[in-house]
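Structure record follows, encoded as structure tokens.
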Amino acid sequence: GKRKNSTYEAGKRSTAWLKVKATNSADFVIGGYTKGKGARAPLGALLLGYWQGNKLRYASHVGSGFDDRSIKRTKALLEPLQRKTNPFAEEPELNAPTSWVEPKLVAEVQFQGWTDDHHLRAPVFLRLRDDIDAKEVRHKVEKEKPSRSLSEVEQILDQLKTDRAALTLAVGAHQVRLTHLDRVYWPADPALKQPALTKRDLLRYFAQVSPFILPHLADRPLTMIRMPDGIHGQRFFQKHWEQERPDFVQTITVFSAHKDEQHAYLLCNNLPTLLWLAQSGTLEFHVWHSRAKPGPDTAGKGTDYASSLAALESSVLNYPDYVVFDIDPYIYSGKEAPGAEPELNTVAFEKAKEVAFWLRELLQGMSLEPIVKTSGKTGLHVFVPIRRTLDFDAARQVSEIVGRHLMRRHPKDITLEWSVPKRTGKIFMDYNMNVRGKTLNVAYSPRGAPGAPVSMPLTWEELANAHPLDFRLANAAERLARTGDRWGDVLKRKQSLEKVLERAKP
DNA sequence: GTCGTCC
DNA sequence: GGACGACAACGCAGA
DNA sequence: TCTGCG
Ligand SMILES: [Mn+2]
Ligand SMILES: [Mn+2]
């Protein structure tokens, strides 16, 4: 039967999923230590930091990874270094009695990346570094490498090598039933130099890019665009999954004003879910711009999304992570059927790029630094990451005002018209995408379009010479291995919009 | 891709 | 057992 | 208030 209570329990994450995260190790300066309980009475945790100029930036507590010997030795070395004052530039949050020490001792720590508020995720003490001068410990962390996830991904690729059209895939501790692996999803397209791509190819792609796409999907309500018979078959949107689903699939319940009902949305929060959705014929993953996850930028916002409209509106889901500029060319190729949407063409995309660069210039004039990706279809997505202090309404106002400003400068090239015919020949800036519940194709999601293009985050330098079909299912994994995620730090680049909003006021 | 319904 | 439909849905803009 | 829109 259907699962009634599908709420995900953080404590029950499988080890398989934990492995997907990148692992780093780095050296940090010890600036204090805490008392613990029982056997850990002498030393509960270390307070770690690194030098930035002459400021010691706090990075994290670390309490895991010690044994009796390392506790004894570390404590002995720290005791003589005690001081009365906090050596860090910040006031770290203290959860136990804390002793400050002169920042002279260095510890090597393994961790799973950085949290949004610049602390270490899941830090584990490895050893003391007597050989390193504490003054040399700057903020130089080795680039995150998905080394540990590689083996997991390769295990999946191995399993997909079979000739069989169906199999039960082991994804860590979980199992995903796969069928119709040789079904053609993207037929061969000689004009685009595109060999046929099957469902097996789609699964291979998702396995390979999973370390890059999963962070962009995490905690965001999902709309699936499903094409179980391939890109030329019937396609449909799906926002809710009422059928039975595996245990590893997380959902959230969201209030629906219209039906006076509660709706379950899927969250694609782990690798088995990603592959299970591919098995269901989901070719495109469209996600909200807000997340069902509180953070350091959401003080006072709730996590009750279900009980009432008021609760939803005051929850974190009403506060987007970015202001969205959806850049849609309405310059037609001339080959479209009457009434059809504009098809991809070079003239249109070159103009969209020009608009994106104008937009960047304007935003930079407001001290805002936007990021850009191809949508995969015909246009571009330009995002300004913001702290989650503005609701969708405010984000939409910003997008509209900036859009109108740009339209005034370039009236022949930009439109904000609601009527489709009036957009003809121009680039449409769709500021109304900044609304709760609206979705866009997520970074690295494929499109159900000829050539199997994917939405690709780019540097602005790369955009200058880019074309949507440069980035495809067939070559994106290779690019990512080379360049990493150009949007890897979206959630760490949050900016303030106060000035823009002041100007917006009448 | 899968389920429910109708014949 | 085969055919067929469902699988979204909401608030904003403009008239 | 109705309709087109994504
Ligand atoms: Mn678009
Ligand atoms: Mn659009």
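Every chain is numbered from 1, with letters handed out A, B, ... down the list of sequences. Note that this is a predicted model, so its numbers are computed, not measured.
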Quick one: list whatever passes salt bridge (Lys or Arg N to Asp or Glu O under 4.0 Å) with A/D328, sequence neighbours left out.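 Counting only residues at least two positions away or on another chain, A/D328 forms no salt bridge (Lys or Arg N to Asp or Glu O under 4.0 Å).
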
Applying salt bridge (Lys or Arg N to Asp or Glu O under 4.0 Å), can you list everything that pairs with A/D182, at least two apart in sequence or on another chain?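 Result, salt bridge (Lys or Arg N to Asp or Glu O under 4.0 Å) vs A/D182: A/R200.
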
Quick one: which protein N/O atoms are closer than 3.5 Å to N/O atoms of nucleotides 1-5 of chain C? Pair and distance per line, please.
none

In whole angstroms, how far is the [atom2] atom of [N] from the [atom1] atom of [X]?
X	N	atom1	atom2	result
A/W288	D/dG6	CH2	P	21 Å
A/Q234	B/dT2	CD	C1'	15 Å
A/E284	D/dG6	CD	C1'	14 Å
A/K239	C/dC10	NZ	P	7 Å
A/L178	B/dG1	CG	C1'	13 Å
A/L277	C/dC7	CG	P	19 Å
A/I225	B/dG1	CD1	P	17 Å
A/E242	B/dT2	CD	P	17 Å

Give A/R235 one of three labels, base, sugar-phosphate or nothing, depending on what nucleic acid heavy atoms sit under 4.0 Å from its own. nothing

Enclosure of A/E341 CD (heavy-atom neighbours >12, cutoff 6.0 Å):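 Atom CD in A/E341 is not packed in, count stays at 12 or less.
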
Span that lies between the P atom of D/dC5 and that of C/dA8, in whole angstrom: 23 Å

Are the side chain of A/N434 and the backbone of A/R396 linked by a donor-acceptor contact shorter than 3.5 Å?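 No, because the side chain of A/N434 does not come within donor-acceptor range (under 3.5 Å) of the backbone of A/R396.
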
Once you round to the nearest 0.5 Å, how far does CG of A/L458 lie from CG of A/L380? 8.0 Å

What is the distance from atom CG of A/L309 to atom CZ of A/F255, rounded to the nearest 0.5 Å?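 CZ of A/F255 is found 5.5 Å from CG of A/L309.
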
So which pairs with a foot in residues 371-401 of chain A pass ring pair (Phe, Tyr, Trp, His ring centres under 6.0 Å), sequence neighbours left out? A/Y322-A/F383, A/F383-A/W487

So if I take residues 418-428 of chain A and measure heavy-atom distances to DNA chain D, which residues fall below 4.0 Å? A/W418, A/V420, A/R423

Which residues in residues 430-440 of chain A have a heavy atom closer than 4.0 Å to any atom of DNA chain D?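 Those residues are A/D430, A/K438.
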
Check whether the side chains of A/H174 and A/N270 place a donor and an acceptor atom closer than 3.5 Å, and report yes or no. no

Which heavy atom of A/I414 sits nearest a heavy atom of A/K426, and at what distance?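 Here A/I414 and A/K426 meet closest at O-CD, 3.9 Å.
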
NZ/NE/NH1/NH2 to OD/OE distance under 4.0 Å, A/R486 and A/E462: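 Judged by the 4.0 Å cut-off on N to carboxylate O distance, A/R486 and A/E462 do form a salt bridge.
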
Under 4.0 Å between a Lys/Arg side-chain N and an Asp/Glu carboxylate O for A/E284 and A/R226?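 Answer for the salt bridge query: no.
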
